[in-house]
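Chain letters run A, B, ... following the sequence lines, proteins first, then strands; residues in each count from 1.
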Amino acid sequence: MCLAVPMRVVGDPEGSRATVEAEGVVRVVDVSLVEGVVPGDYLIVHAGFAIEKLDVADAEERIELFREMARLDAENPGTEKGG
Amino acid sequence: MRHIRFPTSDLRPPASERRVLLGHGSGGKLSADLVEELIVPRFSNPALDALGDSAVVAIPEGGGRLAITTDSYVVDPIFFPGGDIGDLAVNGTVNDLAMAGADPLYLTLGMVIEEGLLFSDLERVLDSVKRSADSAGVKVVAGDTKVVPRGKADKLFLNTSGVGLVPAGFVSARENIGPGDAVILSGTIGDHGVAVMSKRAGLGFATEVRSDTAALHRMAAALRRLGGALRFMRDPTRGGLAATLCEACRGRPCGVEIGETVIPIDPGVRAACDLLGLDPLHVANEGKMVAFVAPERADEALAAMRGFVEGNDAAVIGRAVETRPGMVVLLTRAGGKRIVDLPAGEILPRIC
Amino acid sequence: MKYIDEFHDGAAAGALSAKIAAAAGRIGRPVRLMEVCGTHTVAVHRHGLRDLFPPGLKLVSGPGCPVCVTPADYVDSAIKAASLPGVTVVTFGDMVRVPGSRSTLVDARASGADVRVVYSPTDALEAAAGEPAREVVFLGVGFETTVPSVAGTMVEARRRGVKNFSVLGAFKQIPNTMRALISDPALAIDGFLCPAHVAAIIGSAAYSFIPAEFKRPCVVAGFEPLDILYGVLGLVTQLAEGRAEVENQYSRVVKTGGNALARRVVHEVLEPADAVWRGIGTIPVSGFRIREGWRDQDAARRFDLSVPALVENPGCRCGEVLRGSLDPPGCSLFGKGCTPERPVGPCMVSSEGSCAANYKYSRQE
């Protein structure tokens, strides 16, 4: 039971509520479980609650790692297979 | 003697608050008023205006076979981004005729109204019926109105039956599908379902996604020119693209293979589905069609679909295959395969 | 969707697949890994990831989701609540088709009960606030990921003075459940893909007993295809190198110590308790119950929801299927007393559970 998606905070939170957005989908979520939420943060949203912030720098680093893997694999296809 | 003045003008509620009463379905004066006031002026045509027990219409010259269909519309809410129940009731039935290869001619309109519905809402829906019917070139020739007590229906249910004419010699049947046939989808999936869900209590989210409700008979007629190379047409509505493809090949000697990366989908639809844990292949459409076409004519069919606004995003999404007969297989973006199933029941948001 | 779509790339998936095959080849024997979380199970199925693993690598499904492991008598109690006059049962969509001893919440609704589906427990609280004359009972199911949301909603209900809101609890905890699964000497699992959004709350360190006590590698991985493939690569790499440790590959969300604020909210409202797992039985300290000080919001104490106690079907061997020591068709109930339409254990309740998947696909071949 753990489906959660990253959504970006738009506007200042009001008390325990904040408006979040992704691809034009907008919803008000409860942010009382996460400290220091500010506009622009990406929140991990589960069942209408933010359960954690997404570390954008960490995410970008991982995306770059995967891109690099894809690039190397395209240059030398199948080299790993022989192991 | 004191003069008592009755504020007669105040006995009638202001027009914006006028509501449908049980009496409007009683068959008496109020019923007649409703038909005279709301129905006849909007939909006027000789067959309807006669207000007989049946509409009597001529069968167009030139032969062919009659296509007859009926469908009921119970969408909640009745107004949603991109349309309302009136648009659905016309376009849905027109599309059922069109997928059978028919040129739509006539519609009937049955209404079950919950007591207390605002006249302004009813008129707004009837305006949509009128606009959609005009735009599709079909005439509303017969109708019926019933009013039920509060709670016995949900605001407004519509039923439309449709009559159309199928040109001699044209057959669209899933039995015609053979290995290698291209599967062409006329546009993005899931728009209608997401637009409606966004307005439902308990799910509430805002989105720019709008229902795709549209009549497809012109596009279908254009495809008919392919003759026998057009094997089969179907509009994926409830149950989504998955249900339509599963039904197309169920029990048949071939299956269908589709590619996740080539299925058109609006990013907003995908985001809403990710949020609610839904599979966009299961989410409803109201203005899309799938065509199975002989491979050598696929480009021609695609170009024909893209010639219409409602087919701008048309794409070849897969093909009929001999492996795995009767089944639909999705080649995923990640490079794996999975079997696509019918949705198990109503489409509900999940959190796991 | 940003930070989701980037983790679906087919070319990177192909590269990871090749790396997994290479690492698995170095292990030199067949490998069985388990994804413990139902959301991983669904993602593996939905993205067809099994096709990207080499033949000697098997990914088996764990206990699934908290819904699948909800005992039948809990569903019976929920149905009883929904059948009381003036009571509305509000639930996540996942629950409504889970069978009780005789029927589901969908059946109850068809018979006139007021059952509503929401996306968030806050939607249930709004329903209660909007209809003060009705009693609103929210079905509080979930692992550590979901529990803070329900607890937070209970705190909010008290703060706002909403008196007609209560929760029927069947909360679950992952660590002790994994301990119960793993402690079996017959365990035939080489490594674990650990529940990641659970870890966002409890911290990746909560899994450290697995390598420490049981010498099995663990990876905390996200739920997108590349996350899962990278997680599997992490596990086979550890196995190939003879290591066993907790590797947090989902550091963009999961911290070693988790989310202390969320845990504080849970602690305020709930206390650890034993819990019954469908098909498995009672596992010590594998759930939460509502604290005495919050009994006014405890539906089980507010209404008489008692139902005849059910004895777990002794023929159900889900425990062994989950430990990887039995294949579904080896269970004598499989396909006979236990089918997706009338499931007995969690592996058949979940549409992606080991037994349900096996039943479905064996029929289609």
Give, as side chain, backbone, both or neither, the part of [X] having an atom under 4.5 angstrom from any heavy atom of chain C.
X         : value
Leu281(B) : neither
Leu275(B) : both
Arg270(B) : side chain

Return yes when atom [atom1] of [X] has more than 12 non-hydrogen atoms of other residues, nucleotides or ligands closer than 6.0 Å, and no otherwise.
X         : atom1 : result
Asn312(B) : CG    : yes
Glu131(C) : CD    : yes
Arg231(B) : CZ    : yes
Arg234(B) : CZ    : no

Rounded distance (nearest 0.5 Å) linking atom [atom1] of [X] with atom [atom2] of [Y]:
X         : Y         : atom1 : atom2 : value
Lys337(B) : Leu49(C)  : NZ    : CG    : 15.0 Å
Glu260(B) : His8(C)   : CD    : NE2   : 8.0 Å
Ile339(B) : His45(C)  : CD1   : NE2   : 7.5 Å
Asp51(C)  : Leu331(B) : CG    : CG    : 9.5 Å
Asp94(C)  : Leu348(B) : CG    : CG    : 8.5 Å

Option that, when pairs with chain C are counted at under 4.5 Å, heavy atom only, ranks first among Leu330(B), Asp274(B), Val340(B):
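Option with the top pair count is Asp274(B).
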Heavy-atom distances under 4.5 Å only: say whether [X] touches chain B with side chain, backbone, both or neither.
X         : answer
Arg46(C)  : both
Leu226(C) : neither
Val96(C)  : side chain

When Glu224(C), Glu126(C), Arg109(C) are compared by non-hydrogen pairs under 4.5 Å with chain B, the top option:
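The option with the most such pairs is Arg109(C).
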What closest approach, in Å, do His47(C) and Ala334(B) show between heavy atoms, and which atom pair accounts for it?
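The answer is O-CB, 4.2 Å.
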